[in-house]
Amino acid sequence: KAGVTQTPRYLIKTRGQQVTLSCSPISGHRSVSWYQQTPGQGLQFLFEYFSETQRNKGNFPGRFSGRQFSNSRSEMNVSTLELGDSALYLCASSFGTDYNEQFFGPGTRLTVL
Amino acid sequence: DAKTTQPPSMDCAEGRAANLPCNHSTISGNEYVYWYRQIHSQGPQYIIHGLKNNETNEMASLIITEDRKSSTLILPHATLRDTAVYYCIVAVAGYNFNKFYFGSGTKLNVKP
């Protein structure tokens, strides 16, 4: 079956702009989690959506938001971009119940100039 | 915050077993130990997980100490393609299950 897909794969924005990233989970998966990866901070959890509801949230400012649609596809939005938002953004999908592994997508590389 | 401690790097000769340690001394009774790896900026890949019993699958074995305060991931016959950053994660059961805290991981260098 198809894996987790993320679009776009690469993105260049300037400070102050906003950006929307998309994640399509594996068919049948209801949970989508988002992570930010930077060289300095490593992989950090942003938030998780399950059945269109945000179920868990990490320690990121309100500029980072997300949503999930009825088909489990998810988007994350970053408003008022800062240079420090340059990162690899990864999403992961799972069935969302205990003991299930998460499957990660290839990520979206965001560069803020 | 990550609740695990791993050595920053390890070397292993191709064809030999790679043993990657992880310390999780504050693990709770309902927390599982998960291992993922990431190959050069690709998305992390699931390897194995366990609660308290040793586990084995086609990729690796997971040995968890009796007190559950540490574990070891074993790649029985490392190949060059196993060169990656390996993350040990503790994940609580329940609705917070997918809230993974990744530490710094161990960079495994498999050498010919």
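Reminder, nothing fancy here: chain letters follow the sequence lines and each chain counts from 1.
- When the side chains of ILVMFWY residues are joined at heavy-atom separations under 4.5 Å, either directly or via intervening members, A:Leu83 and A:Tyr10 end up in two distinct hydrophobic clusters.
- Rounding to the nearest 0.5 Å gives a distance of 10.0 Å between OH of B:Tyr101 and CD of A:Gln44.
- Between B:Phe100 and A:Tyr35, the distance from one ring center to the other does not fall under 6.0 angstrom.
- Transitive grouping of hydrophobic side chains (ILVMFWY, heavy atoms separated by less than 4.5 Å) brings B:Leu80 and B:Tyr86 into a common cluster.
- What you find for A:Leu90 and B:Pro44 is that their closest heavy atoms are CD1-CD, 3.9 Å.
- More than 12 heavy atoms of other residues, nucleotides or ligands sit less than 6.0 Å from atom CZ of A:Arg63.
- Applying the 6.0 Å contact sphere to NZ of B:Lys69 captures no more than 12 heavy atoms from other residues, nucleotides or ligands.
- Hydrophobic cluster membership differs between B:Tyr32 and B:Ile48, with clusters built from Ile, Leu, Val, Met, Phe, Trp and Tyr side chains linked at under 4.5 angstrom.
- Cluster annotation: A:Leu81 and A:Leu88 are assigned to distinct hydrophobic clusters (Ile/Leu/Val/Met/Phe/Trp/Tyr, side-chain heavy-atom contacts under 4.5 Å, transitive).
- Between atom CD of residue A:Gln102 and atom OH of residue B:Tyr34 there is a gap of 8.5 Å, rounded to the nearest 0.5 Å.
- Rounding to the nearest 0.5 Å places CZ of B:Phe102 at 10.5 Å from CZ of A:Phe45.
- Heavy-atom distances place both the backbone and the side chain of A:Leu43 under 4.5 Å from chain B.
- Between A:Glu101 atom CD and B:Ile47 atom CD1 the span is 11.0 Å, to the nearest 0.5 Å.
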